[in-house]
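Take a look at the structure below.
Worth knowing before you read on, the calculation uses all heavy atoms, side chains too, and leaves out hydrogens, waters and symmetry mates.
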Amino acid sequence: MSLPSVQLKQANNVITCKAAVAWGPGKPLVIEEVDVSPPQPSEIRIKIVCTSLCRSDLTAWESQAIFPRIFGHEATGIVESVGQGVTEFTEGDHVLTVFTGECGTCRQCISGKSNLCQVLGLERRGVMHSDQGTRFAISGKPVYHYCAVSSFSEYTVVHSGCAVKINPIVPLDKVCLLSCGVAAGLGAAWNVADISNGSSVVIFGLGTVGLSVAQGAKLRGASAIIGVDTNPEKEEKAKAFGITEFINPNDSKEPVQQVIKHLTGGGADYAFECIGDTGMVTTALQACCDGWGLTVTLGVPKVKPEVSAHYGIFLTGRTLKGSLFGGWKPKSDLPSLVDMYIKKEIQVDEYITHNLSFKDINKAFDLMREGKCLRCVMHMEK
């Protein structure tokens, strides 16, 4: 694969390339010329090949205060160069970027109980993990990162612990979805909930993550997979991923949790909140059965981050769990998911509803805001 023409500044090996820069909350992204610094120790510089839009990009763009910024975290690319001390990557390696890394040595990484790396966990301040600086600049002024990835740029720099080497035979324009959305949903079903054969499942929110939970539930042999969404256009699409019953709360005379209890004979075995609405977390808990009902929350709320629930829900045996990236340890676990894709054991391509040129990135944001897409994959110019 040929790399695009870029300007190399030989004095310090800075690359000048195009990036979609957000200058303020909710403002259209602007394609700008940005300078990308060389990778520092333990970092790699990646030529992004394809990147897809995740709802968390949209949420952060609408509501956060760190600007100018380059969003994007769900991506595939090719290693262009490596920093000092990097031994696991070489120029030309195909990689997935990940928004939460794996250092392999911290308490969380070695516990065997968690994927929440203490060193390379979710970065919220718009800087790199290693030195709290940025690798992007316009006219000498810093441009901030998003989740220490920033894939809405032809080139980006990430910590080597936030990239996963993958089999070079897989199509980069498809497996980019495994760096966040599809993997998060499958992992929530398999790793976090550990759905059992013959069980009942309800999923609130049928975007890419919710429908990936549905796929995971189907592959685990769930007997009933109920999807809840206010968009009626989701009903037919959802069946292809395993949804057996669709509920639009706007069409129901009863509260949705009561409808679910009627359908499941007293409540679902598992409930998944994939919207980012803490009020819906409470509803999901109420839709679970007594004794063992498990609710897993995956969504990222824009407002009201506190969850409210009556203590009796928990006293009667129901459980609430959170799920970040489906419990996957990215560097340890993602290669096996890629292998499952190669063997056609999981669906990935089917979540891609639009393929766009990178220059049309604002169209992707419009489509997601309007609920007209699952995943938009943006292709960099070759």
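With hydrophobic clusters built from ILVMFWY side chains whose heavy atoms lie under 4.5 angstrom apart, F272 does not share a cluster with V256. Under the 4.5 Å side-chain heavy-atom criterion for grouping Ile, Leu, Val, Met, Phe, Trp and Tyr, V34 is not connected to V127 through any hydrophobic cluster. If you chain together hydrophobic residues whose side chains sit under 4.5 Å apart, L263 and I195 never meet in one group. In terms of hydrophobic clustering, with Ile, Leu, Val, Met, Phe, Trp and Tyr side chains grouped at heavy-atom distances under 4.5 Å, L172 and L337 are assigned to a common cluster. L120 and I46 end up in different hydrophobic clusters when Ile, Leu, Val, Met, Phe, Trp and Tyr side chains are linked at under 4.5 Å.
Residues Y270 and T295 fail the side-chain proximity criterion, which asks for heavy atoms closer than 4.5 Å. Residues T156 and I48 form a side-chain contact, since some pair of their non-hydrogen atoms from C-beta on lies under 4.5 Å apart. Inter-residue side-chain proximity for I361 and L356 is flagged as unmet; no heavy-atom pair is nearer than 4.5 Å.
Here K302 pairs with E62 in a salt bridge; the nearest charged N to carboxylate O distance falls below 4.0 Å. Taking 4.0 Å as the cut-off between side-chain N and carboxylate O, K363 and D366 do not count as a salt-bridged pair. Residues E74 and R375 are paired through a salt bridge, judged by an N-O separation under 4.0 Å between the basic side chain and the carboxylate.
With W328 contributing its side chain and L334 its backbone, the two residues share no donor-acceptor pair below 3.5 Å. Between the side chain of E273 and the backbone N or O of G276, at least one donor-acceptor pair lies under 3.5 Å. Judged by distance alone, the side chain of R45 and the main-chain N or O of V36 form a donor-acceptor pair under 3.5 Å. Between the side chain of T278 and the backbone N or O of P305 there is no donor-acceptor pair closer than 3.5 Å. Although no hydrogens or angles enter the test, the distance criterion places no donor-acceptor pair under 3.5 Å between the side chain of K331 and the main chain of G161. Judged purely by atom type and a 3.5 angstrom limit, D333 has no side-chain atom pairing as donor or acceptor with the backbone of P330. Using a distance-only test at 3.5 Å, with no hydrogens or angles considered, a donor-acceptor pair links the side chain of Q40 to the main chain of P38. Between the S179 side chain and the C176 main chain, a donor and an acceptor come within less than 3.5 Å of each other. At least one donor-acceptor pair closer than 3.5 Å links the side chain of K304 to the backbone N or O of E306. Within the 3.5 Å criterion, the main-chain N or O of M368 finds a donor-acceptor partner in the side chain of R55.
Few gaps surround NZ on K174; more than 12 heavy atoms of other groups in view lie less than 6.0 Å from it. Within 6.0 Å of OH on Y144 lie no more than 12 heavy atoms contributed by other residues, nucleotides or ligands. Residue E254 qualifies as enclosed at atom CD: its count of foreign heavy atoms under 6.0 Å is above 12. Heavy atoms from other residues, nucleotides or ligands lying under 6.0 Å from CD of E370 number more than 12. When the shell of 6.0 Å around NZ of K237 is examined, it contains more than 12 heavy atoms from other residues, nucleotides or ligands. Shown here is E233, whose CD atom has no more than 12 heavy atoms of other residues, nucleotides or ligands within 6.0 Å.
Residues meeting the ring-ring contact (aromatic ring centres under 6.0 Å, His included) test with H145, sequence neighbours left out: F136.
Between F71 and Y146, the distance separating the two ring centers is shorter than 6.0 angstrom.
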Original post:
How far apart are the C-alpha atoms of R125 and Q132, what are their side-chain angles, what is the distance that settles it, and do they pass the side chain to side chain donor-acceptor pair (under 3.5 Å) test?
Top reply: CA-CA 9 Å; R125 293 173 291 177; Q132 308 304 298; 2.9 Å; yes

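In this structure, the separation between OG on S151 and CG on L96 is 11.5 Å, given to the nearest 0.5 Å.
Hydrophobic cluster membership of V300, counting Ile, Leu, Val, Met, Phe, Trp and Tyr whose side-chain heavy atoms lie under 4.5 Å apart directly or via other members: none, as it forms a cluster of its own.
Partner of V338 under the side chain to side chain contact (heavy atoms under 4.5 Å, CB included) criterion, out of V164, V348, V170: V170 alone. With F204 as the partner, the side chain to side chain contact (heavy atoms under 4.5 Å, CB included) test is satisfied by one option alone out of I247, V213, I260: I260.
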